[in-house]
Amino acid sequence: MKAMTIDGFRYRTMTGDGGVELSVAVAGTGPALVLLHGFPQTHIMWRYVAHELAARHTVIVPDLRGYGASAKPAETDSGTYSKRTMANDVVRVTAALGFDRFGLVGHDRGALVGVRAGLDHPEAVQYLGILDVLPTADTWDVLRGIDAKVAWHLYLMAQPAGLPEKMIKAVGPEFFGSFLDSWDPDGSTFTPGVREHYVESSVAAVDSIVADYRATAGIDLDMDLADRDAGARLTMPVGVISQDWGSQLGFDAAALWGAWATDSTYEPIQAGHFMAEEKPAEIARFITALAERGERATIRASAETC
């Protein structure tokens, strides 16, 4: 497998929930900022953005459990790859690095982990950034009719263990490569080496990737629905940046996220799904502005308690 690292970042093997070993890259000084990758990627997707942000933050960039160089535990129960478990990974890693409070920005799968972290650990998550995804419960609600074919892989990997793994392994490079190609508007976002890294890393992680997606149609959905019914909200500043999927699938992303958060902003971006690599300057600007919102909110909260 082609190993890749982010230049200037220190790499550590750290312990997540249940003793699972995670590969974590760290650089910079200042307040902690965790960046979580999406599918079918690894922490390498943040290579451009992370460098700029490290000038003002301690930037922590892990491979999620089941992805990249992190451990890939067997799916022994529905919780192995639940977003609650993966959020606990993040909280444990940041605490071990000396931070009990941090900013969190996630793309795609990583954003779902971020949402669960924000709901379960509001005392730890100072602000939450979300790139190009909807809350789990809302995702399943808006997928309907022929237009939902854009999310065909969600249904494949939601099936019981066994068949989806066998099907994907039979055509692994083609399966993962198809997303890198179809979600990249003009085919220029990835160098050949980065594309190879993503494909090879994903082919080596089929079982855990499918388990991650299966959780989204099971235990993660159950948790989201329970929280929605209970009126749970994300209480930290939340910023969402996304493609305009709503015009195709008939939903209002800003309204959906607004229902989950007490302080949310939404902005569309003219980019493909892999926006942190396609337009890193815009994503760095988005994260910097969100971090400033988080800092102001912290100052206000401190003043109110004095």
Side-chain angles (χ1 to χ4, degrees), residues 1-4 11-25 34-46 61-93 106-117 133 136 139 151-180 194-223:
M1 182 187 304
K2 185 178 181 59
M4 296 195 73
Y11 280 76
R12 300 178 57 173
T13 298
M14 304 191 69
T15 303
D17 199 45
V20 170
E21 292 188 341
L22 304 173
S23 176
V24 183
V34 179
L35 303 176
L36 301 179
H37 66 84
F39 163 89
Q41 298 159 290
T42 69
H43 77 287
I44 290 297
M45 66 157 281
W46 294 110
V61 198
D63 280 334
L64 296 170
R65 69 162 57 202
Y67 289 80
S70 288
K72 302 166 181 61
E75 184 188 15
T76 55
D77 57 51
S78 62
T80 305
Y81 286 93
S82 75
K83 302 310 159 289
R84 172 163 289 162
T85 300
M86 297 167 89
N88 290 342
D89 286 341
V90 173
V91 173
R92 285 179 179 271
V93 164
H107 173 249
D108 188 73
R109 313 304 297 168
L112 299 182
V113 176
V115 170
R116 181 45 55 189
V133 79
T136 297
T139 296
W152 64 274
H153 60 297
L154 300 184
Y155 295 93
L156 171 61
M157 291 191 277
Q159 303 308 309
L163 184 59
E165 292 89 341
K166 290 179 181 178
M167 293 175 67
I168 293 168
K169 287 176 182 178
V171 289
E174 294 82 1
F175 177 80
F176 295 110
S178 70
F179 300 104
L180 296 170
V194 169
R195 187 184 185 283
E196 179 185 2
H197 166 73
Y198 289 153
V199 169
E200 291 187 354
S201 295
S202 298
V203 167
V206 171
D207 290 347
S208 51
I209 290 174
V210 174
D212 170 27
Y213 273 84
R214 184 180 295 115
T216 302
I219 190 170
D220 295 338
L221 178 59
D222 293 341
M223 290 179 186

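What's counted below: heavy atoms across the whole structure, side chains too, no hydrogens, waters or symmetry copies. Every value quoted in this text rests on a predicted model; they were computed, and no experiment measured them.
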Checklist line | No-hydrogen, no-angle side-chain donor-acceptor test under 3.5 Å, T85 and S82 | finding: yes
[Y] and [X], any side-chain heavy atoms less than 4.5 Å apart:
X	Y	answer
V34	P62	yes
L112	V133	yes
S208	Y81	yes

Next item on the list: Would you please classify the geometry between the F179 ring and the W152 ring as parallel, tilted or perpendicular, with 30° and 60° separating the classes?
Entry: parallel
Note to self: Would you call the rings of Y213 and F39 parallel, tilted or perpendicular, taking 30° and 60° as the class edges?
What the structure shows: perpendicular
Could you give the distance from [atom1] ([X]) to [atom2] ([Y]), rounded to the nearest 0.5 Å?
X	Y	atom1	atom2	result
S23	R12	OG	CZ	11.5 Å
M157	D212	CE	CG	8.0 Å
M4	I44	CE	CD1	5.5 Å
W46	L35	CH2	CG	5.0 Å
T139	L221	OG1	CG	9.5 Å

Notebook entry, point to check: With ring centroids as reference points, do F176 and H153 lie under 6.0 angstrom apart?
Noted result: no
With a 3.5 Å distance limit and no angle check, can you tell me whether [X] reaches the backbone of [Y] through a side-chain donor-acceptor pair?
X	Y	value
D63	A69	yes
N88	V91	no
Y198	M45	yes

Next item on the list: Look at atom CD of E174 and say whether more than 12 heavy atoms of other residues, nucleotides or ligands are closer to it than 6.0 Å.
Entry: yes
Item checked: Short N-O contact, R116 and D220, less than 4.0 angstrom -> no
Checklist line | Residues D17, R84: salt bridge by 4.0 Å N-O rule | finding: no
Next item on the list: Dump the intermediate steps for salt bridge (charged side-chain N to carboxylate O under 4.0 Å, His left out) on R214 and E165, then the final yes or no.
Entry: CA-CA 11 Å; R214 184 180 295 115; E165 292 89 341; 2.7 Å; yes
Smallest separation among heavy atoms of [X] and [Y], with atom names:
X	Y	result
V199	L180	CG2-CD1, 3.7 Å
T216	T136	O-CG2, 3.3 Å
R109	K83	NH2-CE, 3.9 Å
S78	A215	O-CB, 4.5 Å
G114	L36	N-CD1, 4.4 Å
S70	L64	CB-O, 3.5 Å

Note to self: If the test is salt bridge (Lys or Arg N to Asp or Glu O under 4.0 Å), which one of K166, K72, K169 qualifies with D207?
What the structure shows: K169
Next item on the list: Check the pair V61 / V24 against side-chain contact (heavy atoms from CB on, under 4.5 Å), numbers first and verdict last.
Entry: CA-CA 6 Å; V61 198; V24 183; over 6 Å; no
Next item on the list: Evaluate side-chain contact (heavy atoms from CB on, under 4.5 Å) for I168 paired with V210, printing each intermediate quantity in order.
Entry: CA-CA 9 Å; I168 293 168; V210 174; 3.8 Å; yes
